[in-house]
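None of the values given here were measured: they were computed from a predicted structure.
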Amino acid sequence: MAEKPWESEGLTKEEYDMIIDILGREPNKTELGMYGVMWSEHCSYKNSKPVLKRFPTEGKHVLQGPGENAGIIDIGDNQAISFKIESHNHPSAIEPYQGAATGVGGIIRDIFTMGARPIASLNSLRFGELDDEHVRYLFAGVVEGIAGYGNCIGIPTVAGEVYFSNAYKGNPLVNAMCVGIMDHEDISTGRAAGVGNPVMVVGAATGRDGIQGASFASDELTEESEEDRPAVQVGDPFMEKLLLEASLELIKTGALVGIQDMGAAGLTSSASEMASRGGTGIELDIDLVPKREEGMTPYEVMLSESQERMLVVPKKGKEKLVKEIFSKWGLHAAVIGKVTGDGMIRVLNKGEVVAEVPARSLADDAPVYQRESRRPDYLDEVQNYDLSRLIEPTDYNQSLLEVLGSPNIASKEWVYQQYDHMVLVNTVVLPGSDAAVLRIKGTKKGLAMTTDGNGRYCYLDPERGGAIAVAEAARNIVCSGAKPLAITDGLNFGNPMDPEIFWQFEKSVDGISQACRALNTPVTGGNVSFYNESPEGAIYPTPVIGMVGLLEDINLATTHHFKDEEDIIILLGETKEELGGSEYLKVVHNLEVGRIPELDLGLEKKVQETCLEAIKAGIVKSAHDCSDGGLAVNLAESCISSGLGARIKIETDLPPAALLFSESQSRIVITVTKDNLAKVEELAKKHAIPFTKLGEVMGDRLIINNLIDLEVEEMKRRWQESIPSRMEE
């Protein structure tokens, strides 16, 4: 072995010494490789575990919290949904199409592994500014990869978000989410139980792609990262569709003890995690693993991250049934070992033991670190920037057009028109509204789902930014007519060894936890992605919230576009002078500074309850969360999507820019008929929330006081053409 064998596996000398203590000897190359991937941050969460314990993870709807392939939430009538979000950032930075495609494939496998049929995909994406040619290449490749995989496997991509900032120029973020539905009796887990039960690998054959992919994801991107292309897996969505159907058919037979996706760290992670959860061991024979390449070593077979593979433990005697089901779908199903009672992962090659390590030491006993945490010095400067020094624009029409043309605000149709969002014909509310809504076939119920996050907010105030991400996700769910149930989170940060970055991580988790407790939306699982850095520096701290909600009656699904002339436009909540961290500040003044909006979680909950009660009463015609871009953008979007104008008259002491572009939280704009205005006002009084009649739907122009007077068509052109015109540069 090399003089410092641990270095090539991403381990420290101290960790190498721990492995020697565990084994009572020096590990061989295969064993060291297994520890290297399983003790990577990507698999072990060794830098984040202590902080993640702060999350609220229990609730009356939670059937499965963190610790399994995905979380499960009860939605009544013996039905449940499984959902999760995960990152595929580094692979997407190196090979955007396959990086994004295999990210989608991996999260879909996590869902059907739980026994759920996937019904929807979502995503959350971050890139540098679109004036950079390489950024445009990454953006186009990632979107194409998501579309290519999702469209081919036949799962609709129904919602998501895309943000652009130079903070992500060298390290884009690609977070993929999947939602599935199941009956309670079909819930499966990734456990290996029953000594003597067979262990089988099903799906695709094993190749050399993706070796050390988990370690690759646990390191910073450098100028040499292009050389790590072999660590990017290659996906086959048609193979995954077959695997999905075969797996769900197998689960229905009742012949299964456990099933586990072979994702990061491949056979090593699936075997050790299943054995550890079951308190058992697994013995594997490398010679029995179906391979697509000649001469693969035990190291390569155990660490391969070839896609579209699962590890299954059926009941003894059911091997033939498993093979018949997978053969019917044209897939491999091979017995490669057995469950043992000694707690060891034992790997055989040509009759010889080539690796023998305790399963728990791989899956659960990685070292856990409490990293140093320190508030960053930059916060004093950016938070205390004197915004009163800003020169107010002379033409607010021009300012609104500029903000509408910002890629962060502009239409994302260029993205979602590449996705099939109607396959399975469940989609009731299409991409572009506050949240996607899908019907639950055979019932009158529906599901709402969204992803939300704001890296700029978290850069300026990680704790409040984390809380706002949860609050905005919940507002989006409520605006669609659904009750928020639970979240999954994708936590994207830089190097945790940097005390300032670890502080950002801790504070973001604290903010998310506070908001989840206040809004009763527990965390059911998710993903931590550290080391999102490039030679240009660390990304903005970017926690992404994936949230699901339940509509008791799909007929009450609500959208954001105005419906009819003379409808009354109402603001629930209050606009304050809060321009810090706003899109207006970035676009018009080229500043990313200031104190981000306050968040009163008590008020937030009451505003959401008011809106939801009004929707359930059948009196709300449209509802739209007021967030990025402020009130002017909120109204403009509702005009653009409907083709109807609005005449707004607001009595206020706020400066014009704050009135139009402040991103104050806990605000929802709704429309009702004149006859229902008093009913909404009564509800607002009952819940003790601010209520303002803004104006009415009228004509083909948006008029706000004497500040804004624009044709809807002019706003629409700027909003629609922004991203396509930049992509053509």
Side-chain angles (χ1 to χ4, degrees), residues 392-404 409 479 560-579 582 584 588 597 607 610-611 614 619-685 689-716 718-719:
E392 287 267 340
T394 56
D395 184 350
Y396 287 100
N397 283 331
Q398 183 58 35
S399 296
L400 177 54
L401 290 173
E402 286 179 33
V403 175
L404 286 172
I409 301 294
C479 286
H560 75 289
H561 59 275
F562 292 146
K563 301 301 185 295
D564 296 295
E565 294 254 2
E566 299 185 2
D567 282 347
I568 304 300
I569 304 169
I570 296 164
L571 174 66
L572 304 177
E574 182 181 5
T575 304
K576 301 174 185 175
E577 190 171 353
E578 296 179 307
L579 288 172
S582 65
Y584 160 81
V588 176
V607 167
T610 304
C611 182
I619 59 177
V620 174
K621 297 182 76 172
S622 73
H624 192 16
D625 163 39
C626 195
S627 55
D628 298 349
L631 183 60
V633 165
N634 172 292
L635 295 166
E637 288 173 340
S638 295
C639 289
I640 289 166
S641 57
S642 65
L644 296 170
R647 188 179 293 271
I648 306 297
K649 183 66 179 171
I650 309 171
E651 292 184 16
T652 181
D653 296 327
L654 290 171
L659 173 66
L660 298 173
F661 302 113
S662 166
E663 295 180 4
S664 295
Q665 297 298 298
S666 312
R667 293 183 299 164
I668 296 174
V669 174
I670 64 172
T671 57
V672 300
T673 62
K674 289 179 180 176
D675 293 344
N676 287 321
L677 175 61
K679 293 178 185 174
V680 177
E681 194 165 7
E682 276 301 310
L683 282 175
K685 282 180 183 171
I689 66 162
F691 166 97
T692 308
K693 178 187 171 186
L694 298 177
E696 61 184 280
V697 178
M698 179 186 296
D700 60 3
R701 305 180 73 85
L702 174 61
I703 300 170
I704 306 177
N705 288 4
N706 59 348
L707 302 171
I708 299 292
D709 190 346
L710 286 167
E711 283 189 348
V712 172
E713 277 303 310
E714 184 180 2
M715 295 189 299
K716 185 175 183 177
R718 181 66 71 94
W719 180 76

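- For the residue pair Ser622 / Thr671, a side-chain donor-acceptor distance below 3.5 Å is found, with atom types taken as modelled.
- A heavy-atom distance below 4.5 Å is found between the side chains of Val680 and Ile619.
- Between Met715 and Leu401, the closest side-chain pair of non-hydrogen atoms falls below 4.5 Å.
- Distance CD/Glu696 to CZ/Phe562: 11.0 Å, rounded to 0.5 Å.
- With hydrogens and angles ignored, the 3.5 Å screen pairs a side-chain donor or acceptor of Ser642 with a backbone N or O of Cys639.
- Asp653 CG: 12 or fewer foreign heavy atoms inside a 6.0 Å radius.
- Thr673 has its side chain within reach of Lys621: a pair of non-hydrogen atoms, C-beta onward, lies under 4.5 Å apart.
- The CZ atom of Arg718 sits 11.0 Å away from atom CD1 of Ile640, with the distance rounded to the nearest 0.5 Å.
- Within the 4.5 Å cutoff, no side-chain heavy atoms of Ile409 are placed close to those of Tyr584.
- Between Leu579 and Ser662, the closest heavy-atom pair is CD2-N, 3.6 Å.
- Atom CZ of Arg647 sits in a sparse spot, with 12 or fewer heavy atoms from other residues, nucleotides or ligands closer than 6.0 Å.
- Note that the CG atom of Asp675 and the CD1 atom of Ile568 stand 9.5 Å from one another [nearest 0.5 Å].
- Contact of the Leu631 side chain with the Ile648 side chain is not registered, since no non-hydrogen atoms from C-beta on lie closer than 4.5 Å.
- We find the SG-CD1 distance between Cys611 and Ile689 to be 8.5 Å, quoted to the nearest 0.5 Å.
- Judged by distance alone, with hydrogens and angles left aside, the side-chain atoms of Glu663 form no donor-acceptor pair with the main-chain N or O of Phe661 at under 3.5 Å.
- More than 12 heavy atoms of other residues, nucleotides or ligands lie within 6.0 Å of NZ in Lys563, so this atom counts as buried by the packing criterion.
- For Val620 against Ala614, the heavy-atom pair with the smallest separation is CG2-CB, 3.4 Å.
- Using a 4.5 Å heavy-atom cutoff, the side chains of Ile569 and Val669 are in contact.
- Formation of a donor-acceptor pair under 3.5 Å by the Glu565 side chain with backbone atoms of Gly699 is found in this model.
- Between Ile704 and Leu400 there is no side-chain heavy-atom pair separated by less than 4.5 Å.
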Residues Ile650, Asn705; criterion side chain to side chain contact (heavy atoms under 4.5 Å, CB included); working and verdict:
CA-CA 7 Å; Ile650 309 171; Asn705 288 4; 4.2 Å; yes

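- Taking CZ of Phe691 as the start and CG of Leu572 as the end, the distance is 7.5 Å to the nearest 0.5 Å.
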What's the verdict on side chain to side chain contact (heavy atoms under 4.5 Å, CB included) for Asp709 and Arg701, showing C-alpha distance, side-chain angles and the deciding distance?
CA-CA 7 Å; Asp709 190 346; Arg701 305 180 73 85; 2.6 Å; yes

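- Using modelled atom types, no side-chain atom of Asn634 and backbone atom of Ser627 make a donor-acceptor pair closer than 3.5 Å.
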Does Ile668 form a side chain to side chain contact (heavy atoms under 4.5 Å, CB included) with Cys479? I'd like the steps, not just the answer.
CA-CA 8 Å; Ile668 296 174; Cys479 286; 3.7 Å; yes

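- Between Asp700 and Glu713 there is no side-chain heavy-atom pair separated by less than 4.5 Å.
- Side-chain polar atoms of His560 and Glu637 form no donor-acceptor pair below 3.5 angstrom.
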Which is it for Leu635 and Ile708 under the side chain to side chain contact (heavy atoms under 4.5 Å, CB included) test, yes or no, and what are the steps along the way?
CA-CA 11 Å; Leu635 295 166; Ile708 299 292; over 6 Å; no

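- More than 12 non-hydrogen atoms from other residues, nucleotides or ligands lie less than 6.0 angstrom from CD of Glu402.
- For the atom pair CG (Leu644) and CD (Glu566), the distance works out to 11.5 Å, reported to the nearest 0.5 Å.
- Counting only distance, with no hydrogens or angles, the side chain of Ser664 and the backbone of Lys576 share a donor-acceptor pair below 3.5 Å.
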